[in-house]
Amino acid sequence: METTYHMDPEAFRRHAHELVDWIIDYQERRSHELPVLSKARPGEIRSRLPAAPPTHGESFEAMLRDVDEILLPGITHWQSPNFFAFFPANSSYPSVLGELLSAGLGVQGMLWATSPACTELETHVLDWVVGMLDLPRRFLSTGPGGGVIQDSASSATLCALLAARERDTGFATNDRGVEQPLVAYASSQAHSSVEKAVGIAGIGKDNLRLIEVDETFAMRADRLEERIREDRERGFIPFFVCATVGTTSSNAIDPVPGIGALCQDQGIWLHVDAAMAGTAALCPEFRFLNEGLERADSYCFNPHKWMFTNFDCDCFYVADRAALIRSLSILPEYLKNRATESGAVIDYRDWQIPLGRRFRALKLWFVIRHYGLNGLRAHVRRHVELAQAFRGWVEASESFELASPAPLNLVCFRHRDGDEVNRAILDRLNRSGELYLTHTVLDDRFTLRFCVGQTHTELDHVAAAWERIRETADAVRNELQS
Ligand code: PLP
């Protein structure tokens, strides 16, 4: 029989089961055996890979062996319960199953016509999420707005900025390039994706005004108003404000109600970036996070951060989808089809930068259906409770102090003995492999961040981390003093 080179169905069945077993065992190993932060040196992993690809196909066993022996030492275990760095990128079994099904279906959902279920499930689930988070109804697809899954919050911000640019310039900039002196605004604590988007969109990074923050690291709406006035007086055209609900550094919450009123008054597009913190609005007690959203033109948050949905999955909503679609739509002959021409369907390629798109809604759908609202709320509440316990220990400690308010699952804190000690503590903790923390700078001081949000983080892990932080601080101080 002629060889097809393909993996035969029975081999796939066997290997798929082996891989699922591997994933389940990995959960155990990464909790107990593997260092959270990879200890690999630059180039080390690559140096162990063969210089050339194989001429003859290899066995799956050989591949999995190399995963264990070559790749695992170069993996930082984001799913470890002892991962407290950056922000969570939590995942769950239902999400992994959704991802597997998406790969198995192999659907490319650029148009409604290229897989109606891919589009319609996405629209439906994003409408569910509006209700789950109690977002303004103007983001529902049943009105003039609607939601779409983007790969990342960075893409969502870029799409919002492009739609804002086009709306402000009568939809002419796509054709003629940027002719007007447009200016955008965000706080000095906003995520770097805003600066990146401003650069990509041709606005120019010099035309992004970083507005001062108050003592809670939230944008000062009074300073925003002043800057907008000054810019108008100097002939600039303010067109876009990005407010952040839960900044990356410290989870600061910009005053969206005041910013929104100002933007509405001035005809400026308001985008709200709630990448991590937005998930907390699942719980009614955290709905203060949504205050003022009814005035936002667009909003995004990342289920791939804190809602148990593996990367990538950002929910992006607009109040007026027509502005977004008009900004991003392009219809070459080879994509024309009856459904698009009927105007009765959504073609999500007009809501994003790339043409192609994966069936990401599957994993979000599986997650929501598996956990239900109650399950998701229970886990988010638990994470906040754990972070609040940690915050209490910091507050009660004589050696450490809080560096910013900690309203949710992120605690910024520092040792009272200054930057050198804090740097040394962080370095030593991360080298231990027992846990992983990262830092930021607040008020010009080196600050440690402790972010709780991994799927399997429990009180034991947080308590052990605090114990380890205290011991490490004592060791560092003794060493520095001797
Ligand atoms: N916005 C905020 C507030 C964030 O914290 C982050 C991630 O750190 C981002 C945007 C970027 O997220 P993404 O990786 O989805 O682009």
Side-chain angles (χ1 to χ4, degrees), residues 86-87 152-154 156-158 160-161 164 181-201 203-232 234 236-263 266 268-278 289 291-292 296 298-302 305 402-408 410-414 419 422 438-449 451:
F86 303 109
F87 42 80
S152 63
S154 304
T157 299
L158 175 59
L161 191 96
L182 300 173
V183 278
Y185 306 80
S187 91
S188 59
Q189 297 288 309
H191 189 260
S192 55
S193 51
V194 182
E195 187 182 338
K196 195 172 194 173
V198 165
I200 294 170
I203 305 302
K205 291 184 187 174
D206 289 351
N207 297 318
L208 173 63
R209 311 285 189 245
L210 294 180
I211 304 300
E212 295 90 321
V213 292
D214 65 16
E215 64 290 348
T216 70
F217 303 99
M219 190 197 287
R220 281 185 51 185
D222 59 331
R223 285 299 295 140
L224 174 67
E225 190 169 4
E226 280 165 34
R227 279 313 293 267
I228 290 173
R229 187 170 2 92
E230 284 162 19
D231 278 328
R232 286 205 196 281
R234 292 163 59 210
F236 288 102
I237 303 177
F239 80 107
F240 179 82
V241 173
C242 177
T244 312
V245 170
T247 57
T248 315
S249 266
S250 70
N251 240 350
I253 298 164
D254 287 346
V256 178
I259 296 171
L262 181 63
C263 289
Q266 304 253 345
I268 299 173
W269 184 292
L270 172 62
H271 175 63
V272 176
D273 173 5
M276 176 176 73
L289 296 166
E291 278 168 21
S298 54
Y299 172 80
C300 76
F301 86 105
N302 289 352
K305 279 192 162 63
L402 276 185
S404 65
L408 296 168
L410 170 65
V411 182
C412 291
F413 68 110
R414 56 174 90 93
D419 288 2
N422 283 295
T438 48
H439 78 280
T440 187
V441 171
L442 294 174
D443 289 328
D444 293 327
R445 287 196 279 167
F446 191 90
T447 301
L448 305 173
R449 294 170 76 263
C451 194

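Distance check, rounded to the nearest 0.5 Å: CG of Asn251 to SG of Cys451 gives 7.0 Å. To the nearest 0.5 angstrom, Ile268 atom CD1 is 4.0 Å from Ile228 atom CD1. Here the straight-line distance linking atom OG of Ser188 with atom CZ of Arg220 works out to 11.0 Å at 0.5 Å rounding. Atoms NE2 and OG, from His439 and Ser249 in turn, are 9.0 Å apart once rounded to the nearest 0.5 Å. For the atom pair CG (Asp222) and CG (Leu262), the distance works out to 10.5 Å, reported to the nearest 0.5 Å. How far CZ of Arg229 is from CG of Leu224: 11.0 Å, rounded to the nearest 0.5 Å.
Between the Asn422 side chain and the Thr447 main chain, no donor and acceptor come within less than 3.5 Å of each other. No donor-acceptor pair closer than 3.5 Å links the side chain of Asp254 to the backbone N or O of Val256.
Taking the side chain as every heavy atom from C-beta outward, Leu289 and Leu408 approach each other to under 4.5 Å. Proximity of Arg449 to Leu410: side-chain heavy atoms (C-beta onward) are separated by under 4.5 Å at one or more points. By the 4.5 Å heavy-atom criterion applied to side chains, Leu402 and Val411 are counted as neighbours. With contacts defined as side-chain heavy-atom distances shorter than 4.5 Å, the pair Ile259/Tyr185 does not qualify. In this structure, Asp443 and Phe217 have side chains that are in contact, with non-hydrogen atoms separated by less than 4.5 Å. Residues Arg414 and Leu442 are in side-chain contact: their nearest non-hydrogen atoms beyond the backbone lie under 4.5 Å apart. Within the 4.5 Å cutoff, side-chain heavy atoms of Arg445 are placed close to those of Asp419.
Taking all atoms of both residues into account, the shortest heavy-atom contact from Ser193 to Ser154 is CB-OG, 3.4 Å. Nearest heavy-atom pair, Leu161 versus Ala197, reported as atom, atom and distance to 0.1 Å: CD2-O, 3.4 Å. Residues Thr438 and Phe86 come closest through the heavy atom pair OG1-N, 2.8 Å. When every heavy atom of Ile211 is checked against every heavy atom of Met219, the shortest pair comes out as CG2-CG, 3.7 Å. Smallest separation of non-hydrogen atoms from Glu195 and Leu208: CA-CD2, 3.7 Å. Shortest non-hydrogen contact noted between Leu210 and Ser187 is CD2-O, 3.6 Å.
The side-chain contact (heavy atoms from CB on, under 4.5 Å) test with Thr247 singles out one residue from His191, Gln189, Met276, and that residue is Gln189.
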Could you check Glu230 against Arg227 for salt bridge (Lys or Arg N to Asp or Glu O under 4.0 Å), going step by step and ending with a plain yes or no? CA-CA 5 Å; Glu230 284 162 19; Arg227 279 313 293 267; 3.6 Å; yes

Please lay out, stage by stage, how Cys300 and Asp273 fare under the test side-chain contact (heavy atoms from CB on, under 4.5 Å). CA-CA 5 Å; Cys300 76; Asp273 173 5; 4.0 Å; yes

May I have the step-by-step check of side-chain contact (heavy atoms from CB on, under 4.5 Å) for Phe239 and Ile203, ending in yes or no? CA-CA 10 Å; Phe239 80 107; Ile203 305 302; 3.7 Å; yes

